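Contents: one structure, followed by commentary.
Please read all numbers here as calculations on a predicted model, not as lab measurements.
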Amino acid sequence: MTTLARATDTLTRDALTVLQPGFAGTTAPDWLLRRLGEGLASVALFGRNVTSPEQVAALTAQLRAEREDVLVAIDEEGGDVTRLEVRTGSSFPGNHALGAVDDVGLTRAVAAELGRRLAAAGVDFNWAPSADVNSNPDNPVIGVRSFGADTDLVARHTAAYVTGMQSAGVATCTKHFPGHGDTGVDSHHAVPHIDVDADVLAERDLVPFRAAIAAGTRAVMSAHILVPALDPDRPATLSRRILTDLLRGELGYDGLIVTDGIEMQAIAGTYGIERGTVLAVAAGADAICVGGGLHDEGTVRRLSDALVEAVRAGELPEERLADAAERVRALARWTAANRPADGAPDTADGDVGLRAARRALRVTAAEDVAPLTEPPYVAALTPVSNIAVGNETPWGVAAELGRLLPGTETGSFHGADAGSEALAAAGSRRIVAVVRDEHRHPWMAAALDVLLAARTDTIVVEMGVPRARPRGGLHVATHGAARVCGRAAAEAIAGV
């Protein structure tokens, strides 16, 4: 492919403007700064770019020294999906915990404080919240990222989240349109299908997006899912019927449309990233998220060149690319106008995340359960993490229990022999078994069977979606695995 992106003509600048790429490292590489000068308008941050809020603030200042109006995006949902606190776990519970509490004022306050911290670090565009109705209990990628399985609950909390975060000057990106909740496949790996009729979609999946639009969400993210009732041929990200006719036309949305990661296998493995990028913009997408996996200058060049060549070949109308680029610039103007001024009064509510996590706990105790007074053995029954959550972020209750009960020991177990291995490792210590979505993992349920048959006083902590029946001497459902959820569970277990 001929390299065209070195030029500075309007067409090439527009092509660069619609890309939202990532990069490697904790400082901006030279190629990224150069591309900002050539027209690139957005930069995406991932866990690999973050060591601390102070480091992120220095990084975003470096980016804005090159281009003052650059959009700095991040995938910071709080809860299980955190980038700003990727090394420690989040100070905020995720959507499922907030939905369990069902206090829209609390959701608004959590989102506002999370937004304040993002803004303080120089981040002004957040790929959140997830507005997916988690109607499929076996969903492998949404789960606790959703406010719940009830449409109206999801809608009211989505709206509250949008209002709260944008009050801090951080633009929200409501995802994953038209709804990723009824899938049994992770679009990081393949194309999920949602095979329900249009009436079900309208009454269930689209309702939270209507609420987000009414609340003023500045962006919406498309899903790489095939919904035959809406378009039998192309996934939503590449579908004009879904992005233009439905989202813009029927729902009346006029803000920025962003794709989910274009290098995810649902697109890359079927269309390729260059073709997928062109088709997405042609369908109505305004910005291409890339960089979760591919995060080099070559990827930016390939995608910008593909867009330029598509226009020159007559495959992509030049006015469509120009319109997409203008929508990106319009969002940049909004964030610049709403960016907190230096010296603005500090309205921090640093404890709101922990308060929310405590309120989200659901504790079920057997009548004869003895309180935990000695350091236990924490057996983490650990599933394979999905790509959205990643495996960089610590989770569980062992660290927090160790602070309350020094001498606490822990181990991680997986597979058919997890129960017997955990028993052997625990010795005479009381066991705290930590699980994540027991209902989705037969090996995990079997391990609990083994533990509870041998030790009826075993404490069970469910840090995923609590669909399995409560069991154990004490059962604690946290509705998520954020660090504050682990702290709240440890407090309940230790009786403090």
Side-chain angles (χ1 to χ4, degrees), residues 5-6 8 12-76 82-87 114-128 165-166 168-173 218-219 256 258 261-262 286-301 303-304 325-342 344:
R6 293 179 182 175
T8 57
T12 299
R13 293 188 72 85
D14 284 351
L16 285 168
T17 296
V18 304
L19 302 180
Q20 297 191 340
F23 62 96
T26 55
T27 59
D30 289 342
W31 71 260
L32 184 66
L33 298 175
R34 185 174 66 255
R35 293 293 177 179
L36 288 172
E38 294 173 356
L40 189 68
S42 307
V43 174
L45 303 184
F46 295 87
R48 63 175 176 267
N49 306 122
V50 175
T51 58
S52 69
E54 295 75 21
Q55 169 265 323
V56 174
L59 170 58
T60 57
Q62 182 189 15
L63 295 170
R64 291 204 168 92
E66 188 66 35
R67 177 169 182 164
E68 186 176 0
D69 64 344
V70 64
L71 280 170
V72 181
I74 200 167
D75 190 11
E76 179 57 64
T82 180
R83 308 303 179 221
L84 198 60
E85 297 182 277
V86 66
R87 311 297 170 195
L114 179 52
R116 188 196 67 79
R117 295 193 191 183
L118 289 173
V123 177
D124 53 11
F125 186 30
N126 191 13
W127 293 325
M165 180 152 289
Q166 292 191 164
V170 176
T172 58
C173 182
R218 307 304 300 188
L256 190 76
V258 185
I262 205 71
D286 307 304
I288 305 296
C289 168
V290 64
L294 300 173
H295 47 269
D296 58 294
E297 183 179 14
T299 298
V300 172
R301 182 185 302 116
L303 298 187
S304 60
E326 176 53 32
R327 289 181 189 276
V328 174
R329 297 180 188 117
L331 181 60
R333 289 192 294 269
W334 183 90
T335 58
N338 288 275
R339 193 170 297 145
D342 292 339

Which of V170, V258, V72 passes side-chain contact (heavy atoms from CB on, under 4.5 Å) with F125? It is V258

Which one of N338, I74, L118, L71 satisfies the side-chain contact (heavy atoms from CB on, under 4.5 Å) criterion with D124?
L71

Verify whether one side chain among T82 and E76 offers a donor that lies under 3.5 Å from an acceptor in the other.
yes

Scan side-chain atoms only and decide if T17 and D14 contain a donor-acceptor pair under the 3.5 Å cut-off.
no

I'd like to know if the side chain of [X] reaches the main chain of [Y], judged simply by a donor and an acceptor atom lying under 3.5 Å from each other, with no hydrogens or angles considered.
| X | Y | answer |
| --- | --- | --- |
| R48 | F23 | yes |
| R64 | G122 | yes |
| Q55 | N49 | yes |
| T60 | A121 | yes |
| R13 | E38 | yes |

Roughly how far apart are [X] [atom1] and [Y] [atom2], rounded to 0.5 Å?
| X | Y | atom1 | atom2 | value |
| --- | --- | --- | --- | --- |
| L114 | L84 | CG | CG | 7.5 Å |
| S42 | R67 | OG | CZ | 8.0 Å |
| I288 | S304 | CD1 | OG | 12.0 Å |
| H295 | F46 | NE2 | CZ | 9.5 Å |
| M165 | N126 | CE | CG | 4.5 Å |
| D69 | W334 | CG | CH2 | 15.0 Å |

For the pair R35 and E66, evaluate salt bridge (charged side-chain N to carboxylate O under 4.0 Å, His left out) and give the outcome as yes or no after the intermediate values.
CA-CA 10 Å; R35 293 293 177 179; E66 188 66 35; over 6 Å; no

Taking every non-hydrogen atom, the tightest pair across [X] and [Y]:
| X | Y | answer |
| --- | --- | --- |
| A57 | A120 | CB-O, 4.1 Å |
| A287 | L256 | CB-CD2, 4.4 Å |
| V18 | V328 | CA-CG2, 4.3 Å |
| A168 | A119 | O-CB, 3.8 Å |

Is there a side-chain contact between P21 and L40 in this structure, where contact means two heavy atoms from C-beta onward sitting under 4.5 Å apart?
yes

In the structure I gave you, are the side-chain heavy atoms of L36 and L16 within less than 4.5 Å of one another anywhere?
no

Set out, in order, the CA-CA distance, both residues' side-chain angles and the distance that settles side-chain contact (heavy atoms from CB on, under 4.5 Å) for Q62 and L33, then state yes or no.
CA-CA 9 Å; Q62 182 189 15; L33 298 175; 4.0 Å; yes

Please set out all donor-acceptor pairs under 3.5 angstrom arising from side-chain atoms of residues 24-31, sequence neighbours excluded.
none

